[in-house]
There are 2 protein chains.
Amino acid sequence: MATGRTHRPATRSRGIPEATVARLPLYLRALTALSERSVPTVSSEELATAAGVNSAKLRKDFSYLGSYGTRGVGYDVEYLVYQISRELGLTQDWPVVIVGIGNLGAALANYGGFASRGFRVAALIDADPAMAGKPVAGIPVQHTDELEKIITDNGVSIGVIATPAGAAQQVCDRLVAAGITSILNFAPTVLSVPDGVDVRKVDLSIELQILAFHEQRKAGEEVGAPEEAAGAVPPPPVPHRAPPGAPGADSGRQGPDGDVPAVMPA
Amino acid sequence: MATGRTHRPATRSRGIPEATVARLPLYLRALTALSERSVPTVSSEELATAAGVNSAKLRKDFSYLGSYGTRGVGYDVEYLVYQISRELGLTQDWPVVIVGIGNLGAALANYGGFASRGFRVAALIDADPAMAGKPVAGIPVQHTDELEKIITDNGVSIGVIATPAGAAQQVCDRLVAAGITSILNFAPTVLSVPDGVDVRKVDLSIELQILAFHEQRKAGEEVGAPEEAAGAVPPPPVPHRAPPGAPGADSGRQGPDGDVPAVMPA
DNA sequence: CAATGTGAACCAGTTCACAGCA
DNA sequence: TGCTGTGAACTGGTTCACATTG
């Protein structure tokens, strides 16, 4: 889902499955909510429901962390919050820099979910000189020229890229050169990074495309004959070298659509 | 990674693995870029590199769609773009509504990647009366009261939720009641929806937490002794009912952190 | 001969179902 | 008795390696 090819070799850190790690934040969120409501304990069943997974999976996930539950009772909310936070490394402070302060970058800077966990926005960086000094979410934007210095001075190891696609790789290279080892990429590009650097990406349009795929299926199933005109798509020897630009439905959606969808005009 | 529990039963649509579907947008993006550079054909090797996957996986993925390549040569770029677009349902027009026009909603409205694929922002909806009428990305924001009408009138089937967590479920319910069957959720909450409705979620802070986990590992490995003070975490019988609020490192990151991280003040 | 398409081996992740314990 | 913790079965996904074909 992420990490270009940096998927960390078979280092076998301490064997917590990647899939489990990806769910820990989910559990943590649900637990935090319970904690606020002063709920003392939860059963795997309840917590699973709150987190949107099934209980067997949740119990298996927790079993990788240790035995933090009490048979016949459930889990102590506060204790679990602490254990998961620690496991995720949220008991320490993580300074992050956000590069590219357009709408998205600003949204990220304002995002409460960062500060609430162990994250702290150490700096906002943008290439536009006009942005320099302007405060966003209470933090003054700094110019790209300062990038290296900011990272070094603040001991930042996590960077967020929210620039247009065209600038992403370049920004990425500079971040890495400056010492960043984890990158969250919002630009619609595949970033190449040296081994040892983790990259996770969030692509807004990809998620929509996946939804469209399923949506299309639903529409097809409802009626009887799915698919458009053309004969079934799977194995049937399609009329090779077919009309590449053949219209599928209404609105012509082809033509050069510039794959540099500028997440926002930085 | 998404779809609360709506994971579409064993309908076995036409057997394209979910993992493959999730990668098609990636291939499409890479192909679009090649297409713009007027590259006529690509080998699985080249395309795989451009998309950030390995070639065996790519070929296997394509094999689910049909045999669109030419042995000894590779794939015809234009043809593949068309086939994948069609498969994803992007040859048709998908009107979408974005609910919650804060920084994030605005970023999404401005996002070029939507329009370039088959998506069209049919409307922007926000609960703040003050926003009504104000244009964002050239589209006037409409009040939540109009939600149902907008969806019905435009035949919208995909909705994007970019509201604060607290409003998400309620908005979701209204969207579903109005006929929406696919939802892209940016609010940090688990949405519950009836069967037949697909939900995909994008959680900004979850991605960061996953990065933090790996980052922590790296730091630990560099030195010799990972983990903090406490005895190893896995099997060792931890001192049960331990200090729930025990500090892990520096900055106390506990306390009520309000898990309503308001993606943006809608 | 180069590169696709794919069976088969392999591996990760999920689910089942129940033993074990508070 | 009730719920956790986990071996074992199963499912889905990835990788290998090679036969096939333009």
Side-chain angles (χ1 to χ4, degrees), chain A residues 1 3 5 7-13 15-24 26-27 40-49 51-77 79-80 83 233-238 240-241, chain B residues 1 3 5 7-13 15-24 26-27 40-49 51-77 79-80 83 233-238 240-241:
Chain A
M1 143 189 310
T3 42
R5 65 58 157 61
H7 218 300
R8 149 158 321 219
T11 312
R12 283 293 286 88
S13 317
I16 295 182
E18 193 56 35
T20 294
V21 171
R23 279 188 296 268
L24 293 182
L26 235 52
Y27 301 142
T41 59
V42 251
S43 66
S44 61
E45 197 65 44
E46 298 167 318
L47 183 53
T49 302
V53 303
N54 74 27
S55 63
K57 195 184 289 187
L58 177 144
R59 286 201 302 280
K60 178 66 92 174
D61 282 342
F62 286 179
S63 78
Y64 292 118
L65 309 184
S67 291
Y68 297 150
T70 306
R71 292 168 197 249
V73 179
Y75 301 90
D76 179 279
V77 175
Y79 186 54
L80 245 196
Q83 290 298 345
V233 183
V238 295
H240 218 343
R241 197 68 0 117
Chain B
M1 144 188 296
T3 42
R5 65 62 157 55
H7 218 301
R8 149 157 322 220
T11 312
R12 284 292 287 90
S13 317
I16 295 182
E18 192 56 36
T20 294
V21 172
R23 279 187 297 267
L24 292 181
L26 235 52
Y27 301 143
T41 59
V42 250
S43 65
S44 59
E45 196 66 45
E46 298 167 318
L47 183 53
T49 302
V53 304
N54 75 27
S55 63
K57 195 184 291 187
L58 177 144
R59 287 202 302 280
K60 179 67 96 178
D61 282 342
F62 286 178
S63 78
Y64 292 118
L65 309 184
S67 291
Y68 297 149
T70 306
R71 292 170 198 251
V73 179
Y75 301 90
D76 179 280
V77 174
Y79 186 56
L80 245 195
Q83 290 298 346
V233 183
V238 295
H240 217 344
R241 198 67 0 120

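Just so we're on the same page: letters track the sequence lines, and every chain starts at 1. Quantities reported herein were computed from a predicted structural model and do not represent experimental measurements.
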Q) Looking at residues at least two apart in the chain, or sitting in another chain, which of them share a side-chain contact (heavy atoms from CB on, under 4.5 Å) with Ser43(A)? A) Glu45(A), Glu46(A)
Q: Could you note down all residue pairs passing salt bridge (Lys or Arg N to Asp or Glu O under 4.0 Å) where residues 61-71 of chain A supplies at least one of them, sequence neighbours left out?
A: Arg23(A)-Asp61(A)
Q: Let me know the distance between OH of Tyr68(B) and P of dT21(D), rounded to the nearest Å.
A: 19 Å
Close N or O pairs between protein and nucleotides 1-3 of chain D (under 3.5 Å):
| residue | atom | partner | partner atom | Å |
| --- | --- | --- | --- | --- |
| dC3(D) | O4' | Gly72(A) | N | 3.1 |
| dC3(D) | O2 | Gly72(A) | N | 3.4 |

**Q.** Heavy-atom closest pair, residues Gly15(B) and Tyr64(B)
**A.** O-CD2, 4.4 Å
Q | Estimated bend of the helix from dC1(C)-dG22(D) to dA22(C)-dT1(D) (axis per five terminal pairs, rounded to 10 degrees) | A | 10°
Q. If you take all heavy atoms of Thr41(A) and Asp76(A), which pair is closest and at what distance?
A. CG2-CA, 4.1 Å
(Q) What I'd like to find out is whether the side chain of Tyr75(A) reaches to under 4.5 Å of the side chain of Gln83(A), using heavy atoms alone. (A) no
(Q) Can you measure Leu80(A) atom CG to dT4(D) atom C1' for me and round it to whole angstrom units? (A) 12 Å
Q: Starting at atom NZ of Lys60(A), determine the distance to atom C1' of dA9(D), rounded to an integer number of angstrom.
A: 11 Å
Q: Just do the side chain to side chain contact (heavy atoms under 4.5 Å, CB included) check on Tyr27(A) and Leu80(A) with the steps written out, would you?
A: CA-CA 9 Å; Tyr27(A) 301 142; Leu80(A) 245 196; over 6 Å; no
Q: Can you sort out the partners of Ala22(B) under side-chain contact (heavy atoms from CB on, under 4.5 Å), two or more places apart, ordered by chain and number?
A: Ile210(A)
Q | Reference residue Leu58(B); test side chain to side chain contact (heavy atoms under 4.5 Å, CB included); the match among Leu47(B), Leu26(B), Thr20(B) | A | Leu47(B)
Q: Could you tell me the separation between the OH atom of Tyr64(B) and the C1' atom of dT14(D), rounded to a whole number of Å?
A: 9 Å
Q) For DNA chain C, which nucleotides open and close the run of contacts to chain B, 5' to 3', at under 4.0 angstrom from a non-hydrogen atom? A) dA2(C) to dA8(C)
Q.
Can you measure Asp61(A) atom CG to dG5(D) atom C1' for me and round it to whole angstrom units?
A. 13 Å
Q: Measure from the ring center of Phe62(A) to the ring center of Tyr68(A) and say whether it is less than 6.0 Å.
A: no
